[in-house]
Amino acid sequence: MHIAIVGNIGAGKTTLANKLAHHFNWEVFLEDVDHNPYLKDFYDDMPRWAFHLQVYFLNSRFRQTQHIKQLQSASKGVIQDRTIYEDAHIFAANLHQSTLMSERDYHNYLGLFESMISMVDPPDLLLYLRADLPKLVQQIERRNRDYENNIKIEYLKNLNEHYEHWINNYKSGKLLIVDVNNLDYVHNPEDLSVIIDKINSTLFGLF
Ligand SMILES: Nc1ncnc2c1ncn2[C@@H]1O[C@H](COP(=O)(O)OP(=O)(O)O)[C@@H](O)[C@H]1O
Ligand SMILES: Nc1ncnc2c1ncn2[C@H]1C[C@H](O)[C@@H](COP(=O)(O)O)O1
């Protein structure tokens with residue numbers, strides 16, 4: 001079983017991924033953020049580092065999907081924090097649309113993505129955490145990563161629009177959308193239970 005948690009920056013993916021992994025006793029796969037050699041530079045100068053960062057994330061995410069595939073064939077459960085689909089359909093697409101990534105870099109990137117994606121299995125469940133801008137901003141501030149302090153509202157807004165478009169067209173498997181605007185699964189265990197019940201219902205038809 002493979003559940004992938006998707007959503008905008010600060011939506012609460014990592015927090016939920018850890019809690020679900022604990023609950024189901026499954027393995028958790030987090031993003032390569034702390035050791036990412038481009039992320040800080042990217043936030044300082046997006047046009048300069050967009051392509052480098054996308055290639056780095058794509059490779060790191062692809063390796064993760066291959067590792068997940070191995071665990072799946074050994075019947076192990078997996079919770080994944082963000083997917084390779086978001087790199088291409090959300091972040092790279094947004095950089096291109098915002099003219100922060102050039103036409104030729106974007107097409108070069110998409111060629112790489114297309115070659116890789118045929119080897120990637122979709123998750124059994126895609127869990128989208130939908131959050132409005134105030135919630136995202138509040139949680140990004142709460143996390144307080146230096147390099148995210150100057151993220152513009154416009155950037156988050158554009159990403160949210162890409163998420164909505166992508167989710168509305170997602171047809172590769174089961175999809176569960178959870179509005180997290182009024183959920184606090186950090187402090188309220190019952191809010192976590194609401195999500196777990198929805199997962200069980202969507203995946204196993206329980207409840
Ligand atoms: N539903 C929630 N309610 C309140 N705080 C949350 C919630 N989800 C996440 N947080 C807090 O918001 C911050 C960002 O969450 P995080 O899981 O790192 O988001 P993401 O992985 O989506 O970027 C963390 O400090 C986390 O404790
Ligand atoms: N593909 C990506 N392009 C640009 N930025 C990305 C990409 N994937 C992740 N990120 C950024 C967004 C955040 O600053 C960090 C971690 O993501 P988070 O949503 O906070 O888990 O990396």
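Indexing begins at 1, ligand by ligand and atom by atom, following the structure's order. Below, all heavy atoms of this structure are taken into account, side chains as well, without hydrogens, waters or symmetry copies.
Taking atom 8 (N) of ligand 2 as the reference point, the nearest protein heavy-atom neighbour is Arg61 NH2, 3.3 Å. In this structure, atom 13 (C) of ligand 2 lies nearest to the protein heavy atom Glu148 OE2, 3.1 Å. Phe91 CG, 3.3 Å is the protein heavy atom nearest to atom 2 (C) of ligand 2. Taking atom 6 (C) of ligand 2 as the reference point, the nearest protein heavy-atom neighbour is Phe57 CE1, 3.4 Å. In terms of protein heavy-atom proximity, atom 18 (P) of ligand 2 is nearest to Glu31 OE1, 3.3 Å. Nearest protein neighbour of atom 21 (O) of ligand 1, counting heavy atoms only, is Thr14 OG1, 2.7 Å.
Those atoms of ligand 1 that come under 4.0 Å of a heavy atom in Lys135, given as number and element, are 1 (N), 2 (C), 3 (N), 4 (C). The contact set between ligand 1 and Thr15, taken as ligand atoms under 4.0 Å from a residue heavy atom, comprises 9 (C), 15 (O), 16 (P), 17 (O), 26 (C), 27 (O). For ligand 1, the atoms sitting less than 4.0 Å from at least one non-hydrogen atom of Gly12 are 8 (N), 9 (C), 15 (O), 16 (P), 17 (O), 19 (O), 20 (P), 22 (O), numbered in the order shown with element in parentheses.
In terms of polar-atom proximity, defined here as any N/O pair under 3.5 Å, Leu183 does make such a contact with ligand 1. In terms of polar-atom proximity, defined here as any N/O pair under 3.5 Å, Ile9 makes no such contact with ligand 1. An N or O contact shorter than 3.5 Å is missing between Asp81 and ligand 1 by distance. Where the criterion is an N or O separation shorter than 3.5 Å, residue side chain and backbone included, Tyr155 fails it with respect to ligand 2. For ligand 1, the polar-atom distance check against Gly10 finds a nitrogen or oxygen pair separated by under 3.5 Å.
Between Tyr85 and Tyr170, the two ring planes are perpendicular [angle over 60°; tilted spans 30° to 60°]. Note on ring orientation: taking the six-membered ring where Trp is involved, the planes of His67 and Phe29 are perpendicular (angle over 60°, cut-offs 30° and 60°). Classified by interplanar angle (parallel below 30°, tilted 30° to 60°, perpendicular above 60°), the ring pair His89/Trp166 is parallel.
In this structure, Ile9 and Ile140 have side chains that are in contact, with non-hydrogen atoms separated by less than 4.5 Å.
Contact annotation: for Lys40 versus ligand 2, there are no heavy atoms closer than 4.0 Å. Contacts of Arg82 with ligand 2, taken as heavy-atom pairs under 4.0 Å, involve the side chain alone. Only the side chain of Leu53 comes within 4.0 Å of ligand 2, counting heavy atoms alone; its backbone N, CA, C and O stay farther away. Under 4.0 angstrom from ligand 1, the non-hydrogen atoms of Val186 all belong to its side chain. Contacts between Lys19 and ligand 1, counted as non-hydrogen atom pairs separated by less than 4.0 Å, are absent for every part of the residue. Heavy atoms of Val33 found under 4.0 angstrom from ligand 2 belong exclusively to the side chain. Contacts of Ile90 with ligand 2, taken as heavy-atom pairs under 4.0 Å, are absent altogether.
Using a 4.0 Å cut-off between a side-chain N of Lys or Arg and a carboxylate O of Asp or Glu, Glu27 and Lys76 do not qualify as a salt bridge. A salt bridge links Glu31 with Arg61; the closest basic N to acidic carboxylate O contact falls under 4.0 Å.
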What's the verdict on side chain to side chain contact (heavy atoms under 4.5 Å, CB included) for Leu203 and Met1, showing C-alpha distance, side-chain angles and the deciding distance?
CA-CA 9 Å; Leu203 268 181; Met1 195 55 68; 3.8 Å; yes

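Distances shorter than 4.0 angstrom do not occur between any heavy atom of Glu86 and any atom of ligand 2.
A side-chain N or O of Glu103 and one of His107 form a donor-acceptor pair less than 3.5 Å apart.
Residue Asp132 comes nearest to Asn181 through the heavy atom pair N-OD1, 2.8 Å, listed as atom of the first residue, atom of the second, then distance. Residue Met119 comes nearest to Gln66 through the heavy atom pair O-NE2, 3.3 Å, listed as atom of the first residue, atom of the second, then distance.
Atom 10 (N) of ligand 1 has its nearest heavy-atom neighbour, among Gln139, His187, Glu148, in Gln139. For atom 25 (O) of ligand 1, the choice among Lys13, Arg145, Arg142 with the nearest heavy atom turns out to be Arg142.
Evaluated for a side chain to side chain contact (heavy atoms under 4.5 Å, CB included) with His2, the options Ile79, Thr65, Leu125, Ile68 yield exactly one hit, Ile68. Under the side chain to side chain contact (heavy atoms under 4.5 Å, CB included) rule, Leu127 has a single partner from Val6, Thr202, Leu20, Leu175, which is Leu20.
For an aromatic pair to be called close, the ring centres must be under 6.0 Å apart, and Tyr128 with Tyr163 satisfies this.
Within 6.0 Å of the CG atom in Asn149, the count of heavy atoms belonging to other residues, nucleotides or ligands exceeds 12.
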